[in-house]
Number of protein chains: 2
Amino acid sequence: MKRNAAQHDHRKCVHTALSTAEAVCKARGEKLTPVRKRVLELVWASHRPVGAYALLDSLRADGRSAAPPTVYRALEFLLAQGLVHRVESLNAYLGCAHPAADHAAQFLICRQCGTAAELEETDIASAIDRHAKRAGFTVERRTVEAMGLCAACQTA
Amino acid sequence: MKRNAAQHDHRKCVHTALSTAEAVCKARGEKLTPVRKRVLELVWASHRPVGAYALLDSLRADGRSAAPPTVYRALEFLLAQGLVHRVESLNAYLGCAHPAADHAAQFLICRQCGTAAELEETDIASAIDRHAKRAGFTVERRTVEAMGLCAACQTA
DNA sequence: TCTTGATTGAAATAGTATAACATCCACATC
DNA sequence: GATGTGGATGTTATACTATTTCAATCAAGA
Ligand SMILES: [Zn+2]
Ligand SMILES: [Zn+2]
Ligand SMILES: [Zn+2]
Ligand SMILES: [Zn+2]
């Protein structure tokens with residue numbers, strides 16, 4: 001039920017995400033250029049992961065000149081800054097809920113409504129790392145994505 | 001160091017995988033046709049996840065007539081039977097190490113040598129499920145992939 | 001001003017996956 | 001053995017995702 005369209009002011013989500021991004025970039029001396037900012041805003045248009053070509057269509061709808069590299073470059077920057085995440089199982093992108101700090105993220109993706117919620121549970125990450133270590137494996141990056149039904153879609 | 005090319009008889013891996021597949025399909029009344037069997041064998045050609053188009057090339061190298069649907073259909077069948085896994089972060093496919101029983105699998109993927117080891121740790125899956133449940137989310141499928149360095153590549 | 005490096009524009013191409021329809025084959029039934 | 005049926009495969013076309021390459025532009029800093 002969290003983040004149901006009827007139950008939260010999504011403008012606030014977008015506004016918070018954009019201000020945080022400004023702050024983060026400024027603090028790091030990175031440039032949040034108009035294209036990058038606009039792509040971030042488009043990613044935040046919903047709580048559903050968005051495909052790169054959907055973003056491209058939106059950029060073009062803005063009247064802006066845009067080709068695939070336009071959006072992939074913006075995404076590359078936003079990913080590097082931790083402002084968006086890539087959802088591997090969907091080939092899609094999602095705004096990060098807590099971009100300030102480096103963190104291991106996990107995603108709960110609803111197959112019904114398409115929303116994705118972000119978790120940041122260190123014990124999931126450490127369970128993976130522990131078993132990896134037993135195998136002599138050093139973990140550098142983790143992809144954890146759960147598919148299923150969100151609370152809202154279950155009751156419905 | 002496990003499964004280093006020099007340190008195990010890979011023919012045995014392949015043979016075991018194919019016999020198990022035969023048995024599993026027979027028990028279920030499913031048909032492991034020549035294409036399907038050959039694709040499974042090709043997937044098992046190494047312990048590295050293989051892309052669909054690499055499999056396609058191999059099928060063609062056999063002299064067989066093959067197009068993308070040929071390999072994707074075979075993979076669809078093998079995935080449904082639990083004989084192969086899909087590695088989401090690589091868009092690639094890997095033979096399942098324990099295809100008989102249904103299981104939650106996790107992968108340790110070496111960025112250096114490309115090998116992927118399969119884990120089947122229930123506590124990783126249950127940690128995910130537990131946090132999901134707290135969010136009211138019902139998990140149906142999990143994708144857990146760790147990128148890093150395998151034991152062999154670390155010492156080297 | 002000049003230089004330099006980062007960013008963006010633009011065109012082409014590579015890589016991954018599915019849709020749609022025809023044909024074939026194994027098997028059950030008559 | 002002939003016929004009908006459904007699954008499996010063949011074939012072509014297309015959709016979707018991502019990168020390469022080179023040119024043009026822009027934004028500081030010397
Ligand atoms: Zn919102
Ligand atoms: Zn839902
Ligand atoms: Zn082996
Ligand atoms: Zn390795």
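Order of the sequence lines fixes the chain letters, A, B, ..., with proteins taken first and strands second; residue numbering starts at 1 for each chain.
- Each of B:Tyr53 and B:Glu30 has a nearest nucleotide on DNA chain D; the 5'-most of these lies closest to B:Glu30.
- In terms of position on DNA chain D, the residue among B:Ala67 and B:Thr33 whose nearest nucleotide sits closer to the 5' end is B:Thr33.
- Nucleic acid contact class of B:Phe77 (heavy atoms, under 4.0 Å, all strands): none.
- Look at CG on A:Leu79: it is 10 Å from P on D:dT19, rounded to the nearest Å.
- At least one side-chain nitrogen or oxygen of B:Ser65 sits closer than 4.0 Å to the OP1 or OP2 atom of D:dT11.
- Protein atom CZ of A:Arg38 is 18 Å distant from nucleotide atom C1' of C:dT8, rounded to whole Å.
- Going from atom CD of A:Glu88 over to atom C1' of C:dA17 covers 16 Å, rounded to whole Å.
- Using modelled atom types, no side-chain atom of A:Arg86 and backbone atom of A:Leu79 make a donor-acceptor pair closer than 3.5 Å.
- Put simply, B:Arg86 has a side-chain N or O that comes within less than 4.0 Å of OP1 or OP2 on C:dA17.
- Between B:Ala54 and A:Pro34, the residue anchored nearer the 5' end of DNA chain C, judged by the nucleotide with its closest heavy atom, is A:Pro34.
- Between A:Tyr72 and D:dT19, no base-stacking contact is recorded for ring centres under 5.5 Å apart and planes less than 30° from parallel.
- Partner of B:Asp129 under the salt bridge (charged side-chain N to carboxylate O under 4.0 Å, His left out) criterion, chosen from B:Arg142, B:Arg141, B:Arg134: B:Arg142.
- Here the side chains of A:Leu56 and A:Pro68 are in contact, with some heavy-atom distance below 4.5 Å.
- In this structure, A:Arg64 does not reach the C:dT8 phosphate: none of its side-chain N or O atoms is under 4.0 Å from OP1 or OP2.
- B:Val144 has its side chain within reach of A:Ile128: a pair of non-hydrogen atoms, C-beta onward, lies under 4.5 Å apart.
- When the C1' atom of C:dA14 is taken as reference, atom CG of A:Asn91 falls 15 Å away, rounded to whole Å.
- If you measure from atom CG of B:Leu75 to atom C1' of C:dT16, you get 12 Å, rounded to the nearest angstrom.
- Of the candidate nucleotides D:dA18, D:dT11, D:dT20, D:dT20 has the atom nearest to the side chain of A:Pro69.
- Whole-Å rounding puts the B:Leu59 CG to D:dG10 C1' distance at 13 Å.
- Spacing between atom CD of B:Glu76 and atom P of D:dG7 amounts to 13 Å, rounded to whole angstrom units.
- The listed nucleotides are C:dT8, D:dT11, C:dA17; the one nearest the side chain of B:Arg73 is D:dT11.
- Salt bridge status for B:Glu76 with B:Arg73: absent, with no side-chain N to carboxylate O gap under 4.0 Å.
- Remark: C1' of C:dG9 and CZ of A:Arg36 are 15 Å apart, rounded to the nearest angstrom.
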